[in-house]
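All figures in this text were calculated on a predicted structure; none of them were measured in a lab.
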Amino acid sequence: MSIKTNSNSEEKISFSISLQNFFHIFIPLFFLMLVIFAFVYWSNIKAEMIVLKKQEASTTNLQYRQLNSEINSLFKQLQIFMDDSFIEYFLSDQNINLQQDLLHLSKANTNYDQIRLLDIHGKESLRINFNNGKPFIVPKDQLQDKKDRFYFKILSELGSNYIYVSVLDLNIENNQIEKPLKPVIRFGKAYFNNHGDRIGYFILNYSAKKILDQFSETGITSIGNHMLVNQNGYWLRSDTPENDWSFITADPDVSFKNKFRFEWDKINKEDAGQFETNNGLFTFKTVHLFESDNYNSISFYRDEYYWKIVSFIPRHMLAHIRKGVLESFAPLLIFLSAVICIGSWLLAWLQLQKKSRDVQLKKLSLAVQQSPVTVVITNTKGNIEYANQTFEKSTGYKLSEVMGENPRILKSGTMPESYYKELWDTISVGNIWKGEFHNKKKSGELFWEATTISPIRNKKDQITHFLAVKEDITVRKQMEEELRRANDELENKVEQRTAQLQEINASLELEIKKHKSTEKKLKEKQEALRRSNKDLEEFAYIASHDLNEPLRKISSFIKLFELNMKDKMDDDAKNYMNFILSGTERMRNLITELLRYSRVNIKDKKLKTISTDFTVSNALSNLELMVFESKAEIIKGTLPKVKGDETQLLQLFQNLIGNALKYRNSAPPRIEIGANEEKDNWLFYVKDNGIGLDPQYAEKIFLIFQRLHTRNEYSGTGIGLAICKKIVEQHGGKIWVESQKGEGATFFFTLKK
């Protein structure tokens, strides 16, 4: 049950870390995508607006050219009609066919809505009406008096060299605006006889409907509303038909100028341009009537008069265009968001996997680097590519000195070459070699190593490197040699003593028997001691190599068996396999911890000044994953410097902090680490808020193999605190615990100043 709970907890932590990594990746990428999307979107909007503005400017220019073309065409016609000799001919009494000639002229040009001749008093003497394609001569009884009309008053004051041009407005008949509406431009000229006397007036009403209709048709293909506005800001053609000529027919306040006050000020001041306001996009160009160089031969009388061609695209249409661009990009934005989301989650998951692998590799690297045995890795040629710190301590060579070198630099010359040949013959075919080397250190000192060399294979089962694991057995060899010499000496002494006893006379026979009995017992004790020492030495050797090797084989073959047979095993079989693996792992850990306990010895070591603050930091770094997973709060006080062995003090703090992290309750661990100064010692403490323990077990927990909990509750070998006790005592201090069950525990230990 506890295994499932731990698994669920780890899954939750992994998911939480993945989620954090996801947001760390997704948010910057998403905002970067938004920035790029906004840039592309606004670039497209800008491009759309450039095209739109060019289209509107092009349409406006086309309308401008059409209007100018019509004006130029009209000018050519005016040159004929306004010629003095031509009109004088029509006004003279000699032309008896005047009415018919003007009638034919009206039929020939459908834009001439009216052709009129006025006498010097303003009375119509002749009028031709176009009348919807059927020109006719107006009867004399329907001719009107135009003396009160504004254009007659102007004409009556003009000289012979002027042509009068009216503004574009609506035709009026009998003081009423003619229906349907007829937009016209009036051209007039006063004519004089040879004596300079005014003899009459010629007036031509030019219909502007064709011009305005053509203007509107040209603007149909454009998005904007194309309008024609006079110099006073009144619509001649507006965006809605009901506003056309409203300043004459309806309300003079209904005008472009009043509807777009700000825009009209800008349009009226400039000849042409394009700009955008809150109302929309405006494109305009000014048509100046009869100001071309073509008219230099004619003098026109008119007020300052011009037209403004205005293209207007309302704000809502611009917004619709921008919305269309946005909608065209929306699927891409959604797709990219989905890709970024999926990619971010995948990267977050890979990042978590990498971090997990890095943690495992870091632990493995630290384990190999800090291993008490020498670890060397060579390539297939035997050149060294890696060696741990123990190698440097054992051989005296620095790591930088041996990189790329062959291990033959350690050869002492005391072993036969056949020994090395047998080694290479074994490992070169992929087998494991075990044996002992009598090697030479850099200093020249000889030493013994028990070595196991294994091939390392890649995924293609090709040998790429060799791994050598070595243990210095010089002390063991020396002890064996000393024991052999001691035995030899003892045997010699026994032989000598026996010879002496044989020379004693019969009178001392009883004494001799007694001595013999004593000698026999002594031999038995010596033999027992020799066997005991040998057994202990063999046990240490077996524990470090021969016991671990069968355990590794059992574990490897069980895992291989499980891999090949997992589909054929039922749940009971799988449980049995797990029990076997668990048991072998516990035995390996037990042997490792037992050896570690036996190596705790500083008798021959030179103690150094150690910063316990730095040592605790290293211990916390080694326990970083446990601290993170348990969400522990670590409170570290000011820690002193002491004399000691750095490796053993690191093991001491790491064991105590690790126990505080392990034996926790449901609440996140809170661990305090500090020290108080005493007279001759420093009193250190490691305090936690964990499960605590019954005070009756306060001394028992420091004994080797003593546990207060089952392995199902908490893992471990029961040697950790025993190692702590041995380390503290080796440093001349003492260690104890103060605790109540369920109320946490505080471990105290002293170290000399």
(request) Among K210, K209, K182, R186, find the one that has a salt bridge (Lys or Arg N to Asp or Glu O under 4.0 Å) with D113. (result) K182
(message) What I want to check is whether the side chains of E56 and S311 have a donor and an acceptor closer together than 3.5 Å.
(response) yes
So does [Y] get a backbone contact from the side chain of [X], meaning a donor-acceptor N/O pair under 3.5 Å?
X: N61; Y: A57; answer: yes
X: N171; Y: E178; answer: no
X: S125; Y: L117; answer: yes
X: E48; Y: I321; answer: no
X: D244; Y: S238; answer: yes
X: D119; Y: H121; answer: yes
X: R198; Y: S156; answer: yes
X: T240; Y: E242; answer: no
X: R237; Y: L212; answer: yes
X: S617; Y: D613; answer: yes

Calculate, to the nearest 0.5 Å, the distance between atoms [atom1] and [atom2] belonging to [X] and [Y] respectively.
X: F215; Y: Y64; atom1: CZ; atom2: OH; result: 13.5 Å
X: I248; Y: L170; atom1: CD1; atom2: CG; result: 4.5 Å
X: N230; Y: L236; atom1: CG; atom2: CG; result: 5.0 Å
X: L623; Y: S630; atom1: CG; atom2: OG; result: 9.5 Å
X: S222; Y: L52; atom1: OG; atom2: CG; result: 7.5 Å
X: Q55; Y: I313; atom1: CD; atom2: CD1; result: 8.5 Å

Should [X] and [Y] count as side-chain neighbours, where that means a heavy-atom distance under 4.5 Å?
X: S337; Y: M33; answer: yes
X: R315; Y: E276; answer: yes
X: N243; Y: F256; answer: no
X: L228; Y: I211; answer: no

(message) Tell me whether the count of non-hydrogen atoms from other residues, nucleotides or ligands lying under 6.0 Å of NZ in K147 goes above 12.
(response) no
(request) May I ask you to decide whether E124 forms a salt bridge with K140, counting only side-chain N to carboxylate O separations under 4.0 Å? (result) no
Taking every non-hydrogen atom, the tightest pair across [X] and [Y]:
X: V184; Y: S207; result: CG1-CA, 4.3 Å
X: I25; Y: S344; result: CG2-OG, 3.7 Å
X: K123; Y: L143; result: NZ-O, 3.4 Å
X: S255; Y: W235; result: C-CZ3, 3.5 Å

(request) Kindly indicate, with the supporting measurements, whether the criterion ring pair (Phe, Tyr, Trp, His ring centres under 6.0 Å) is fulfilled by Y201 and F152. (result) CA-CA 9 Å; Y201 304 95; F152 176 76; 5.2 Å; yes
(message) For F260 and F312, I'd like to know if the aromatic rings sit close, meaning centre-to-centre distance below 6.0 Å.
(response) yes
(message) Would K189 and Y191 count as a cation-pi pair here, with the cationic atom under 6.0 angstrom from the ring centre and within 45° of the axis?
(response) yes
(message) side-chain contact (heavy atoms from CB on, under 4.5 Å) for L318 and M49? Distances and angles first, verdict last.
(response) CA-CA 9 Å; L318 295 177; M49 292 303 296; 3.8 Å; yes
(message) Which residue is it: K285, H288, K308? I am looking for the one with a side-chain hydrogen bond (donor to acceptor under 3.5 Å, both in side chains) to D271.
(response) H288
(message) With side-chain contact (heavy atoms from CB on, under 4.5 Å) as the test, pick out the partner of V229 among W264, F284, W307.
(response) W264
